[in-house]
Amino acid sequence: MTAPSRKAAGWEAIRKDAASLVPPPFLRDYDAERAAFTWEAARAELDGLPDGGLNIAHEAVDRHASGPLADRDALRFVRADGEVEALTYSELARRVGLFASVLRELGVARGERVFSLLGRRPELYAAALGTLKAGSVFCPLFSAFGPDPIRQRLLIGGGRVLVTTRTLYRKRVASIRHDLPELRHVLLVDADGSPEPDTLDLTVLLDAARPVPEAVHTRPDEDALLHFTSGTTGTPKGAQHVHEAVVAHWATGRYALDLHPEDVYWCTADPGWVTGTSYGIIAPLVHGVTAVVDEEELDVDRWYRILAGQHVTVWYTAPTALRMLMKAGAERAAAHDLSALRFIASVGEPLNPEAVVWGRDVLGLPVHDNWWQTETGGIMIANYAAMDIRPGSMGRPLPGVEAAVLLRGADDAPVLRDGEAVPVGAGEVGELALRPGWPSMFRGYLGEDERYRRCFAGGWYLTGDLASRDEDGYFWFVGRGNDVIKSSGHLIGPFEVESALMEHPAVAEAGVIGVPDPVAGETVKAFVELRAGAQAGEDLRLEIIGFARKRLGAAVAPRAVEFVDALPHTRSGKVLRRLLKARELGLPEGDLSTLEARP
Ligand code: ATP
Ligand code: MG
């Protein structure tokens with residue numbers, strides 16, 4: 001299979017159109033940066049602890065609280081009514097020390113797991129960092145999970161402590177408590193002096209506590225975080241991360257997000273997903289910047305108000321959010337002063353070239369796509385500050401990261417020669433793989449050793465994604481291994497088809513799957529969500545099919561287009577193509593614990 005046709009002609013055209021893709025102010029030199037980089041040098045930017053210890057909480061909070069950044073805002077929480085609660089580095093450190101002390105008093109041991117089921121409120125951030133400071137392992141759950149996904153994850157993780165609210169406890173946890181014998185303590189952040197039966201009042205415990213002065217001297221390879229994957233391809237896996245991941249959070253914060261001390265930074269992801277922890281908590285704090293947290297859910301005008309009102313300089317968001325802003329129209333952005341903004345990055349799903357150019361035209365800045373996974377713990381491939389953006393590409397590997405596209409055999413496994421995997425040539429499609437050894441690399445899927453082992457072959461970590469690489473070393477996402485469509489001898493990546501559909505003015509978002517066909521093997525079917533004002537109907541359907549044929553050719557364009565009110569997404573914002581497919585074929589729907597409940 002050759003690389004997506006978009007790449008040959010498409011991005012050149014877009015680049016011409018986007019001639020003013022402005023270089024970010026801190027533009028640096030890609031090759032020079034890569035050549036100069038070592039993980040040891042990155043590690044030396046951090047403090048460390050005696051006896052070779054390394055603890056994320058020390059690097060993110062404690063070291064700043066005792067230095068010149070002590071009075072700087074570490075976190076700014078924007079409440080529903082727009083009020084802002086700011087925590088300085090020293091105040092955050094105090095709360096983190098108190099939470100660590102509470103765990104100690106409760107007898108929670110080093111390495112035991114502390115879960116949270118909380119919205120994005122200050123208590124969640126103090127619990128996360130306090131747990132790390134105490135040497136225990138933190139596992140954030142998304143606060144909209146129902147009882148089943150909560151039970152499933154607490155059981156896998158053997159959770160000892162759960163921090164939550166009264167309402168969430170009553171509605172989602174009380175009924176499953178008897179299934180969780182290992183869960184010793186439930187701490188309510190809002191018990192207000194009268195905790196529910198079998199729970200403790202966290203405020204009372206914090207009031208009685210004396211802050212733990214110093215972080216536990218955890219070893220760099222000691223467990224710190226447990227993160228469940230998004231469940232896009234099936235049952236979520238619990239990826240285990242260690243304290244030295246903070247070295248990668250520092251490095252990627254600097255190179256991929258271009259963080260500088262004076263920045264006001266906003267990551268829109270929830271800490272229930274790895275992005276919301278690695279880049280919503282750890283990376284910004286390690287850099288000593290001010291991180292904005294929106295306590296509410298996505299709302300177009302609210303988001304623009306936050307960007308403008310907080311003078312956000314660096315913004316890290318996701319394609320699904322950008323598509324919602326695009327759908328709402330440029331006028332909504334024009335009503336706000338976004339002049340403080342200097343860098344925008346996106347992750348989670350392929351970023352359509354349309355969105356990159358829209359960013360430039362409407363927000364005044366192109367969007368920098370980057371790629372990584374729960375398993376990688378941090379950004380691996382990015383259109384980062386030191387290089388030109390190629391719209392539609394995920395970018396190039398970060399300093400310290402070696403990536404390759406590997407040849408796959410008939411069984412879809414990488415082809416090995418003398419025990420080594422074989423890379424494909426430029427422009428060819430294969431499995432995206434990374435050379436193990438970066439610090440935020442996951443160290444296992446909890447309780448699934450065999451599944452973990454299967455992620456490695458011929459000296460590489462296999463990502464499960466298909467991609468190609470061009471002559472200049474830029475990587476292009478093609479699709480997840482399972483989503484790729486095989487039609488009349490062609491391999492078709494859903495992303496390419498979805499991106500082409502989104503170029504049609506009536507299309508807001510598209511999800512593309514393969515449906516069985518006696519002649520072609522599979523044919524392409526697209527589910528399309530329309531922009532406000534577009535009229536669904538036979539004329540538009542044919543027009544969209546014709547439009548896609550012109551862009552993609554008859555072999556790749558969808559044969560069928562179905563209009564839907566809303567595409568199914570995971571709660572982390574990814575199109576759930578496997579659900580579209582299961583529904584289309586009348587098959588079991590599989591694990592839907594991460595399905596977003598749409599209004
Ligand atoms: P699961 O592993 O449970 O099926 P998931 O893979 O969606 O879920 P995450 O770890 O949250 O869980 O997502 C990582 C995946 O998201 C990547 O493997 C890739 O498929 C996709 N992805 C992330 N960023 C990008 C990007 N910039 N471009 C294309 N795909 C991306
Ligand atoms: Mg995955």
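Atoms within a ligand are numbered from 1 in the order they appear, just like the ligands themselves.
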Going by an N to O cut-off under 4.0 Å, is there a salt bridge joining Arg120 and Asp270? yes
Which residue and heavy atom of the protein sit nearest atom 10 (O) of ligand 1, plus the separation: Thr374 OG1, 2.5 Å
Around atom 31 (C) of ligand 1, find the nearest protein heavy atom and jot down its residue, atom name and distance. Trp371 CD1, 3.6 Å
Tyr474: partners by side-chain contact (heavy atoms from CB on, under 4.5 Å), with sequence neighbours left out: Asn383, Met387, Asp388, Arg390, Ser393, Arg396, Asp470, Asp472, Trp476
Return a yes/no value for Ser346: is any of its N or O atoms, backbone included, closer than 3.5 angstrom to an N or O of ligand 1? no
Do His368 and Tyr384 make the cut of ring centroids closer than 6.0 angstrom? no
Side-chain (Glu431) to main-chain (Arg408) donor-acceptor, under 3.5 angstrom: no
Per-atom contacts of ligand 1 with Arg480, taking only distances under 4.0 Å to non-hydrogen atoms: 5 (P), 6 (O), 7 (O), 15 (C), 16 (O), 20 (O), 21 (C)
Heavy-atom pairs closer than 4.0 Å: do any link ligand 1 to the side chain of Glu349, the backbone, both, or neither? backbone
Return yes when Leu351 approaches ligand 1 closer than 4.0 angstrom through a heavy atom, no otherwise. no
Could you tell me the residue and atom name of the protein heavy atom closest to atom 29 (C) of ligand 1, and the distance to it rounded to 0.1 Å? Pro350 N, 3.2 Å
In this structure, does ligand 1 have an atom that sits under 4.0 Å from one of the heavy atoms of Trp372? yes
Can you tell me if Glu349 uses its side chain to pair, donor with acceptor, with the backbone of Lys574 under 3.5 Å? no
What is the nearest protein non-hydrogen atom to atom 11 (O) of ligand 1, stated with its residue, atom name and distance? Ser230 OG, 2.8 Å
Return the residue, atom name and 0.1 Å-rounded distance of the protein heavy atom closest to atom 4 (O) of ligand 1. Thr233 OG1, 2.4 Å
Ion pair check, Asp483 and Lys581, cut-off under 4.0 Å: no
Side-chain heavy atoms of Leu466 within contact of Phe477, under 4.5 Å: no
contact_flag Asp465 ligand 1 heavy-atom lt 4.0 Å: yes
Relative to atom 23 (C) of ligand 1, which among Gly479, Gly573, Gly348 owns the nearest non-hydrogen atom? Gly348
Tell me whether Lys237 has any N or O atom under 3.5 angstrom from an N or O of ligand 1. yes
Quick check: does Pro236 get an N/O under 3.5 Å from an N/O on ligand 1? no
In this structure, is the centre-to-centre distance between the rings of Phe37 and Tyr255 below 6.0 Å? yes
Going by the order shown, which atoms of ligand 1 are within less than 4.0 Å of some heavy atom of Asn370? 24 (N), 26 (C), 27 (N)
For Ser230 and Ser572, which I'm curious about, is there any donor-acceptor pair between the side chains at under 3.5 Å? yes
Quick note on ligand 1: atoms under 4.0 Å from a heavy atom of Val347 include exactly 24 (N)
Looking at ligand 1, is there an atom of it that comes within less than 4.0 Å of some heavy atom belonging to Ser572? no
Determine whether the aromatic ring centres of Trp372 and Tyr279 lie less than 6.0 Å apart. yes
For atom 5 (P) of ligand 1, what is the nearest protein heavy atom, given as residue, atom name and distance? Thr232 OG1, 3.5 Å
So, Ser487 side chain and Glu522 main chain: donor-acceptor pair closer than 3.5 Å or not? yes
May I ask you to identify the nearest protein heavy atom to atom 13 (O) of ligand 1, giving residue, atom name and distance to one decimal place in Å? Lys574 NZ, 2.9 Å
Output side-chain donor-acceptor pairs under 3.5 Å for residues 145-153, partner residues at least two apart or in another chain, one line each.
{"unit_1": "Asp148", "atom_1": "OD1", "unit_2": "Arg151", "atom_2": "NH2", "d": "2.5"}
{"unit_1": "Arg151", "atom_1": "NH1", "unit_2": "Asp179", "atom_2": "OD2", "d": "2.6"}
{"unit_1": "Gln152", "atom_1": "NE2", "unit_2": "Asp591", "atom_2": "OD2", "d": "3.4"}
{"unit_1": "Arg153", "atom_1": "NH1", "unit_2": "Pro149", "atom_2": "O", "d": "3.1"}
{"unit_1": "Arg153", "atom_1": "NH2", "unit_2": "Ser593", "atom_2": "OG", "d": "3.4"}

